Amino acid sequence: MRKHLAPVPAEPTAADLAAIDAEWPLIAAELDVLDAEITLLYAEDRGGPTALDWRRLRRAEARVTRAAADLADCATDPRRAA
């Protein structure tokens, strides 16, 4: 028996776009972590990661933590602007 899925709207709603906009700092921070991790992987070809490579990763991870905390604060306090 086949189950039919509900049709997907062609474009995101205003609420969808607002949610993406609110989460964008966290998304950008996570992309920075990914970029730093890729840099570490490529550093193996250059003799290993440098202290700056590790620092970049730690700072990117700290940005993710801050962005996640800010997003959680915004979600719990509706009066606070993003």
Side-chain angles (χ1 to χ4, degrees):
M1 178 157 104
R2 284 180 96 176
K3 292 186 180 185
H4 295 282
L5 299 175
V8 177
E11 295 187 19
T13 64
D16 294 336
L17 293 175
I20 292 168
D21 191 40
E23 290 179 18
W24 189 252
L26 179 58
I27 294 167
E30 289 174 339
L31 288 172
D32 289 343
V33 168
L34 179 62
D35 190 41
E37 289 173 340
I38 290 169
T39 300
L40 288 175
L41 290 173
Y42 282 123
E44 293 298 324
D45 296 338
R46 295 178 281 128
T50 65
L52 277 174
D53 293 333
W54 289 111
R55 181 177 181 205
R56 182 176 179 216
L57 178 62
R58 287 191 311 270
R59 291 182 69 142
E61 290 170 340
R63 279 192 300 273
V64 167
T65 302
R66 285 192 305 272
D70 288 345
L71 185 60
D73 286 345
C74 289
T76 58
D77 187 2
R79 294 173 290 147
R80 182 175 174 203

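What you see is a predicted model, and the numbers here were worked out from it, not measured in a lab.
Sorted pairs that involve residues 17-27 and meet side chain to side chain donor-acceptor pair (under 3.5 Å), not counting sequence neighbours, are lacking altogether.
When hydrophobic clusters are built by joining Ile, Leu, Val, Met, Phe, Trp and Tyr residues whose side-chain heavy atoms come closer than 4.5 Å, directly or via intermediates, Leu31 is not grouped with Leu71.
For the atom pair CG (Leu26) and OG1 (Thr65), the distance works out to 9.5 Å, reported to the nearest 0.5 Å. The CG atom of Asp53 sits 9.5 Å away from atom CG of Leu57, with the distance rounded to the nearest 0.5 Å.
Annotation for Val64 and Glu30: closest pair CG2-N, 3.7 Å, computed over non-hydrogen atoms. The shortest heavy-atom contact between Pro12 and Leu17 is CG-CD2, 3.8 Å. Nearest heavy-atom pair across Pro25 and Ala22 is CD-O, 3.6 Å. Scanning all heavy atoms of the two residues, the minimum distance from Ala67 to Ala29 falls at CB-CB, 4.4 Å.
The side chain to side chain donor-acceptor pair (under 3.5 Å) search around Thr39 returns Arg56, not counting sequence neighbours.
Of the possible donor and acceptor atoms, none in the side chain of Asp73 sits under 3.5 Å from a partner among the backbone N and O of Asp70.
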